[in-house]
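Structure first, then comments.
Computed from heavy atoms alone, side chains included, the values below leave out hydrogens, waters and symmetry copies.
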Amino acid sequence: MIRFEQVSVTYDGADRPTLRDVDLVVPEGELTLLVGPSGVGKSTLLGAVCGLVPHFTGGTLRGRVTVAGRDTRTHRPRELADVVGTVGQDPLAHFVTDVVEDELAYGMESLGLAPAVMRRRVEETLDLLGLNELRDRPLTTLSGGQQQRVAIGSVLTPHPKVLVLDEPTSALDPAAAEEVLAVLQRLVHDLGTTVLLAEHRLERVVQYADRVLLLPSPGAPPVLGSPSSVMAVSPVHPPVVALGRLAGWSPLPLSVRDARRRAPELLPRLRTPVAVPVPTPAAAPAPSVAPRPDLAPTRPGRSARLARLFRRSGAAPGPAVEGAAADGAADDGRMGAPATPSEPVARVAGLALRRGRAEVLHGIDLRVAPGETIALMGRNGAGKSTLLATLVGTLAPTTGTVTVAGRTPHRTAPQEMVRRVGLVPQEPRDLLYADTVAAECEAADSDAGAAPGTCRELVSALLPGVPDDTHPRDLSEGQRLALALALVLTGRPALLLLDEPTRGLDYAAKARLIEVLRGLAADGHAIVLATHDVELAAELAHRVVILAGGEIVADGPTAEVVVSSPAFAPQVAKVLAPAPWLTVTQVAQALAEPAPDPMPVPEPEPEPASPSEPAPRAGAAG
Amino acid sequence: MTPPPTPDDPAFRATRTGGAGTSRTRRPAPGDLTPAGPGPAGAGGPGFRASYEKISAPRARRGNALHAGAWWLWALGLATAASRTTNPLLLGLITGVAGYVVAARRTAAPWARSYGAFLKLGLFVIGLRLLFSVLLGSPIPGAHPLFTLPEVPLPDWAAQGIRIGGRVTAEQLAFAFYDGAKLATLLVCVGAANALANPARLLKSLPAALYEVGVAVVVAMTFAPNMVADVARLRTARRLRGRPTGGVKAVLQIGLPVLEGALERSVAVAASMDARGYGRTAEVPPAVRHTTNVLTLGGLLGMCAGTYGLLAAEGAAYGLPVLAVGLGLALAGLRLGGRRSIRTRYRPDRWGWRAWLVAGSGAAVAAALIRAGTVDPAALQPGVVPLVAPTLPLWPAAAILIGLVPALVAPVPPKEASQ
């Protein structure tokens, strides 16, 4: 269906080709998953299928790409529109019209189909994707999952033979992502559409794939094969595969269901009475025993350097963080979940926030202790970002109080607030104004009143090997996040907030982020992350808070909250339930230490499926 | 929340026949007097009731949507009427009529929120007009000085009809107010059309040859709200860096990323449109292409010449025919040019009798006020020298009320529970 013959793509100004001598045939009527680390040319390969590379993006394409027999050299994207449908990561950037029904018809109008045919196909597509209720709604009022389904529907109506999707679920919460994937599977099974899909969050998609196409590294030849055979060698893989590799299972399990069948073999080997493997900095010396190569630090000795840097923040604390930072320094980074008596960094009491008539937040009570990491979860629109905005002071609460490091955030001048609380927004790029990394650092130093060079030192620790004169826009997604994090950390805030930090990050970048955040927490920074990424929450968080419809519906230690929830449980927890392991790292550690638990943790073993836990899906979103 | 009444529910109809889409503006209506339920209908009897229900405004759906052009014709009719008078009472009445119809028939769509912005813009225009009149003086002679501002002496060569400061009279302020009110009413009429008519639907009614130009306009229009959102987001981000969010420096620093964001978004939309078949063309013979060019260009030239003739003092005789010929040529060119486009249209709005009524009501208001301008010019242009209180001329005022017809006949938009 899709055939690449000796294809190389070189963008203008690049010194080496992004894709080199790719030869492959994507089989018809199957769901093929394209995987690989960041920057190996996944998007370029997808763009070459629909003709946007090179007709739209520029650059040089050598070799030949044919789709359903049409050569993309002689057919422009618009002439392929009836055989290839393309959907990107951001559905809003895809929409041309403003109402669902018009959007579904747009492609057919361009192709000049007869009105009667268009009418029939729109009705069929509305039913196929479950969009009938939304047919007259303006597109901007839809939720993320609904928008993504409309985007898929809009390219389905011309009945393309091939559907190309670039990270369709990365911005979605777990439930919405399943909605979209169910639709894709139905297309493949019922209509025989060929689907080519790139995705970073493999834990969501790999079990639906018929074939996996791996681009192992830039310039390396692609590997196409059955999912389990490719996953066995892939540098990027979901936790369930990591678990399978660790346990030596063959064939590798790809879904939680497969792995659960094998779990009884593994459980006896894990019979160490590890009570609660809370992911504390001390309990998770990840790099030393990690089975995954991508978890290892990219440079030996970097952790030590990082630790030195962050510890200095304890020695020279900002004016209002004495208690917080001193605690962290005194504990020397070896404390567990620092729950008890210390003064909280942030306290939220009875918080409600209205936007017009909508109550975005309602009755929120939350305390954040120094050194504690909290994961804020919940579906899109549940109020996670709004809660972060009240903590940082960009939104004023309607009722209730918010106190961060002794101040009321929205009444404090930004220059002062920046030394108490820092937020890395969903789009880290928003924080960057300057032309070069060095200029950003200087600006950050003067903004935060820090000694010159403070920020640059942080950047060097977080982002080794980035020259001063790099333009922030030329950085990769993960590098940009690290730069934004460094800018925010320049003020040495006691409370660090991150909004969706793993969006668009591959597993390696995510592992580096986890390492950095653990170091920060060990040094006494309190961290609150709003995230859809259950694996990240399991790795990092001491506590998970689940929001639904603007209210807290669950708040407790990660293991308790997450294991009992079908939507928010990480894969390892699902496989090994009711045993309390959450991450592959913990399992690896348990396997490596057959002796009785060397580090007793005072808490008793939690009931894995506590019935009193409110279901996180209760309540209604907006 | 109770489920909204369905169209089949008699209670629903009873509340809807009031003609008002919102409960705030709801008035008692004949339907309210009839008992809700399947019992015997009220005074009119079943026959009356059935025929009334046939013509009363239905709930708006895609299929019965009013043609966007009808809304624009209605609004342009009101605007024409407004341009014929400076009587603040009549202008206020026109604004009120437009506002009532908007309140009764606008949807929850993003473009419908623009009405408030146009109202504010109108008030701003009046204020600006008054301010200029106070500061720069006015050629209107006046007998009622209100106060005197210190006058800035200007050199002789600059003082040709310009004055800064000086005496301010009541007449001059009244004149400025009338003038500003006229302009503000025009703006409000345009705002009403903007709020009621879906711009994308209007685009569907354009001739095929103009479609691509229309797309550019509509895409540009949807970019404005996105840029506003970008500015808000980046201002927030500035606060996160610990910088003040106001001031010239902030604007400059935010400006560049906002423009970059807009550019990136337009590139993304362009890629999406290209990948979805935008701009596919049919092969047309070269002869047809050349004919199209000649017709369109010739037509446009003819229209220019004809318009000039109409406006210039001496050319009134040949102006109209030349304009007509030019228009004809241009239309033929557009029609021929449409052959290149293979686009089809999905469910275009139909021009039904409701559209005729809506457009006709606007035209009727315009015609009535044009007529009133010749019959009774004094009432429509109240004098400012000497200063007299404006009176409300009865029959032009009644004619303006015809503009309320859309609030009765246009389909009622559903009340949406959208955010």
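Residue contact with chain B, scored on non-hydrogen atoms closer than 4.5 Å, is absent for A/P428. Contact annotation for A/T394: both backbone and side-chain heavy atoms come within less than 4.5 Å of a heavy atom of chain B. Within the 4.5 angstrom heavy-atom criterion, only side-chain atoms of B/N198, from C-beta onward, approach chain A. With a 4.5 Å cut-off on non-hydrogen atoms, A/A444 touches chain B through its backbone and its side chain both. Proximity to chain B (any heavy atom under 4.5 Å) is restricted, for A/L487, to the side chain, taken from C-beta onward. With a 4.5 angstrom heavy-atom cutoff, A/E416 does not touch chain B via any of its atoms. Both the backbone and the side chain of A/L111 come within less than 4.5 Å of a heavy atom in chain B. Contacts between A/S154 and chain B at a heavy-atom distance below 4.5 Å involve backbone atoms as well as side-chain atoms. Using a 4.5 Å cut-off between heavy atoms, A/D90 makes no contact with chain B at all. Proximity to chain B (any heavy atom under 4.5 Å) is shown, for A/A93, by both the backbone and the side chain. Interface remark: A/A434 contributes no atoms to any contact with chain B (heavy atom separation under 4.5 Å). Of the atoms belonging to A/T412, it is backbone heavy atoms, and not side-chain ones, that fall under 4.5 Å from chain B. With a 4.5 Å cut-off on non-hydrogen atoms, A/R429 touches chain B through its side chain but not through its backbone. Interface residue B/A270: backbone and side-chain heavy atoms are both found under 4.5 Å from chain A. Contacts between A/Q426 and chain B at a heavy-atom distance below 4.5 Å are absent for every atom of the residue.
Residue A/R70 places its CZ atom among more than 12 non-hydrogen atoms of other residues, nucleotides or ligands, all under 6.0 Å distant.
A donor-acceptor distance shorter than 3.5 angstrom exists from the side chain of B/T236 to the backbone of B/A232, with no hydrogens or angles considered. The backbone N or O of B/A268 lies less than 3.5 Å from no partner atom in the side chain of B/S272, so there is not a single donor-acceptor pair. In terms of modelled atom types and a separation under 3.5 Å, the side chain of B/R105 and the main chain of B/A410 share a donor-acceptor contact. Put simply, the side chain of B/R239 never gets that close to the backbone of A/P414: no donor and acceptor are under 3.5 Å apart. At distances below 3.5 Å, not a single donor-acceptor pair connects side-chain atoms of A/E101 with backbone N or O atoms of A/V122. Side-chain atoms of B/N194 never come within 3.5 Å of backbone atoms of B/S114 as a donor-acceptor pair (strictly under, hydrogens ignored). Formation of a donor-acceptor pair under 3.5 Å by the B/R354 side chain with backbone atoms of B/V409 is found in this model.
Checking A/S110 against B/R343 by side-chain atom types alone, a donor-acceptor pair falls below 3.5 Å. A/S143 and A/N380 share no side-chain donor-acceptor pair at under 3.5 Å. Under 3.5 Å, the side chains of A/E103 and A/T97 contain a donor-acceptor pair of N or O atoms. A donor-acceptor pair shorter than 3.5 Å can be found between the side chains of A/R135 and A/N132.
Once rounded to the nearest 0.5 Å, the distance linking CZ of A/R78 with OG1 of B/T281 reads 7.5 Å.
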Worked check of salt bridge (Lys or Arg N to Asp or Glu O under 4.0 Å) between B/R238 and A/D447
CA-CA 10 Å; B/R238 267 185 76 79; A/D447 287 340; over 6 Å; no
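Heavy-atom pairs under 4.5 Å with chain A were tallied for B/P348, B/A271, B/A275, B/G279; the largest tally goes to B/A271. Per-residue counts of heavy-atom pairs under 4.5 Å with chain B were compared for A/L80, A/V155, A/L113; the largest is that of A/L113. Chain B forms more heavy-atom pairs under 4.5 Å with one residue of A/M118, A/E427, A/R357, A/Q415 than with any other, namely A/M118. Among A/M417, A/R119, A/R76, the residue making the largest number of heavy-atom pairs under 4.5 Å with chain B is A/R119. Among B/R347, B/R201, B/M273, B/R345, the residue making the largest number of heavy-atom pairs under 4.5 Å with chain A is B/R347. Taking chain B as the reference chain and counting heavy-atom pairs below 4.5 Å, the highest number among A/C50, A/G51, A/G47, A/A105 is found for A/A105.
Taking 4.0 Å as the cut-off between side-chain N and carboxylate O, A/D430 and B/R235 do not count as a salt-bridged pair. A salt bridge between B/R62 and A/D102 is present, with a side-chain N of the basic residue lying under 4.0 Å from a carboxylate O of the acidic one.
Within residues 255-265 of chain B, the residues having any heavy atom less than 4.5 Å from a heavy atom of chain A are, in residue-number order, B/P257, B/E260, B/E264.
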